[in-house]
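Reckoned from all heavy atoms, side chains included, excluding hydrogens, waters and symmetry mates.
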Amino acid sequence: FCRLEMPMKICRLCPLACLCWLLVSLPLTACEPAGDAVIRAPAGKSEIVITTSSRVAGAIHSLRWNGKEMIDSFDHGRQLQSAANFDLGSRFTPETFNPTEAGSSADGRGPTSTSRLLRITASGNQLQTTTEMAFWLKPGQRSAGNLAKNSQPRSAHRVSKKVTIGLPELPHVIQYDVTFTVPEGESHRYAQFEAVTGYMPAEFEKFWKFNPGSGKLEPLTDGPGEQAWPVVLATTSGSHAMGVYSPDQPSKGYEQAGYGRFRFEREKVTKWNCVFRIRRPEKGIAAGNYTYHCQVVVGDLATVEKTMRALHAR
């Protein structure tokens, strides 16, 4: 009766009326799964330990190896996470229609996220989540002077990830499989999928690129921006490093891009990412699932180089 909004005189006849009203008035957040989970697996001299948090809607907010934290989880943007950008059928401007796994800019350093975690499972070395993503900007906010195109703080876009620490004979690899679900009823001609990005502490200050031809790491400029070869960020000593490789790269028509690196001096953070793009000016971007496969490689610099060489050979 309560859910059907029947008249109160009918509801008063029910001996369970009070309980019914209590149950239907509970906020949705009370039914959301807890986003705190840990997975781990051996990798060389240490374990890789990955932690998710309810604060960032089940996104990865910590990755530790050999005594060092490798993620700078400061606000709701600096995680190991996924995001997307769309044009909404108009001129594309970054961040103005930007579903983001961990939450919104306005969430800041707060304890909760505008994103909504729908499902999480974690056991041993494997994690799976599905999240309804917040827009990075709230309605009325601007980025680089451009007004947000979204009319709601949270999108209808979903992201599902499956994270597995370790591949056969490659324990330093984190397999990161991600599916973006674009909802019905939106008009896009351009989609930019940041399949995975990692924000790292400033001490990861040395930028490298993996040359598939030579199988070696080579120094990489600060950019900022994308280029065609897999990226690695490392400490000066090379004791700790993290990089990304994807067998799905490059996107058609974007052969000179795909792997980005950035240094934010003021914020004291560095970043790498793996990005895919689709441009369909006539047909538009169809609703549905878009899946990408990435391998995040963690270890010392020599091990990361060796592992990327093995991934490329596969």
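In this structure, Val275 stands alone, with no Ile, Leu, Val, Met, Phe, Trp or Tyr side-chain heavy atom under 4.5 Å from its own, directly or through other members. By the 4.5 Å side-chain criterion applied to Ile, Leu, Val, Met, Phe, Trp and Tyr, Leu137 is assigned to a cluster that also includes Trp136.
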Listing, residues 191-204 side-chain donor-acceptor contacts under 3.5 Å, not counting sequence neighbours, or none:
from   : atom 1 : to     : atom 2 : distance (Å)
Gln192 : OE1    : Tyr190 : OH     : 2.9
Gln192 : OE1    : Arg277 : NE     : 3.4
Glu194 : OE2    : Lys271 : NZ     : 2.8
Glu194 : OE2    : Asn273 : ND2    : 2.9
Thr197 : OG1    : Lys271 : NZ     : 3.3
Thr197 : OG1    : Trp272 : O      : 2.7
Tyr199 : OH     : Lys271 : NZ     : 3.1
Glu203 : OE1    : Lys68  : NZ     : 3.1

Without placing hydrogens or testing angles, list every side-chain donor-acceptor pair under 3.5 Å for residues 307-314, not counting sequence neighbours.
from   : atom 1 : to     : atom 2 : distance (Å)
Thr307 : OG1    : Thr303 : O      : 2.8
Arg309 : NH1    : Gly215 : O      : 2.8
His312 : ND1    : Tyr245 : OH     : 3.0
Arg314 : NH2    : Pro168 : O      : 2.6

Identify each donor-acceptor pair in which a side-chain atom of residues 37-46 lies under 3.5 Å from a protein atom, sequence neighbours left out, and give them as a table.
from  : atom 1 : to    : atom 2 : distance (Å)
Arg40 : NE     : Glu47 : OE1    : 3.1
Arg40 : NH2    : Glu47 : OE1    : 3.2
Ser46 : OG     : Asn66 : N      : 2.9

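Residues passing the salt bridge (Lys or Arg N to Asp or Glu O under 4.0 Å) test with Asp248: none are found, sequence neighbours excluded. In terms of the side chain to side chain contact (heavy atoms under 4.5 Å, CB included) criterion, residue partners of Thr181 (sequence neighbours excluded) are, by chain and number, Arg158, Thr179, Asn289. Remark: Gln126 engages Gln128, Lys162, Thr164 in a side chain to side chain contact (heavy atoms under 4.5 Å, CB included) (not counting sequence neighbours). Every residue was checked against the side-chain hydrogen bond (donor to acceptor under 3.5 Å, both in side chains) condition with Ser187, not counting sequence neighbours, and none meets it. In this structure, the side-chain hydrogen bond (donor to acceptor under 3.5 Å, both in side chains) partners of Gln175, at least two apart in sequence or on a different chain, are Asp177, Gln295. For His61, there are no ring-ring contact (aromatic ring centres under 6.0 Å, His included) partners two or more places apart in sequence or in a different chain. Residues passing the side chain to side chain contact (heavy atoms under 4.5 Å, CB included) test with Ser237, sequence neighbours excluded: Thr235, Ser239.
Glu69 and Ser62 are linked by a side-chain donor-acceptor pair at a separation below 3.5 angstrom, with hydrogens and angles left out of the test. Donor-acceptor pairing under 3.5 Å is lacking for the side chains of Asn146 and Ser143. Inspection of the Glu205 and Thr236 side chains reveals an N or O donor paired with an N or O acceptor under 3.5 Å.
Inter-residue side-chain proximity for Phe207 and Asp222 is flagged as met; some heavy-atom pair is nearer than 4.5 Å. Residues Arg263 and Pro224 form no side-chain contact, since every pair of their non-hydrogen atoms from C-beta on lies 4.5 Å or further apart. Using a 4.5 Å heavy-atom threshold, the side chains of Lys149 and Ser90 count as touching.
A donor-acceptor pair is defined here as one N or O able to donate and one able to accept, closer than 3.5 Å; such a pair exists between the side chain of His76 and the backbone of Gly108. One N or O on the side chain of Ser155 and one on the backbone of Met133 form a donor-acceptor pair closer than 3.5 Å.
We find that Lys161 and Glu101 are joined by a salt bridge, their nearest charged nitrogen and carboxylate oxygen being less than 4.0 Å apart.
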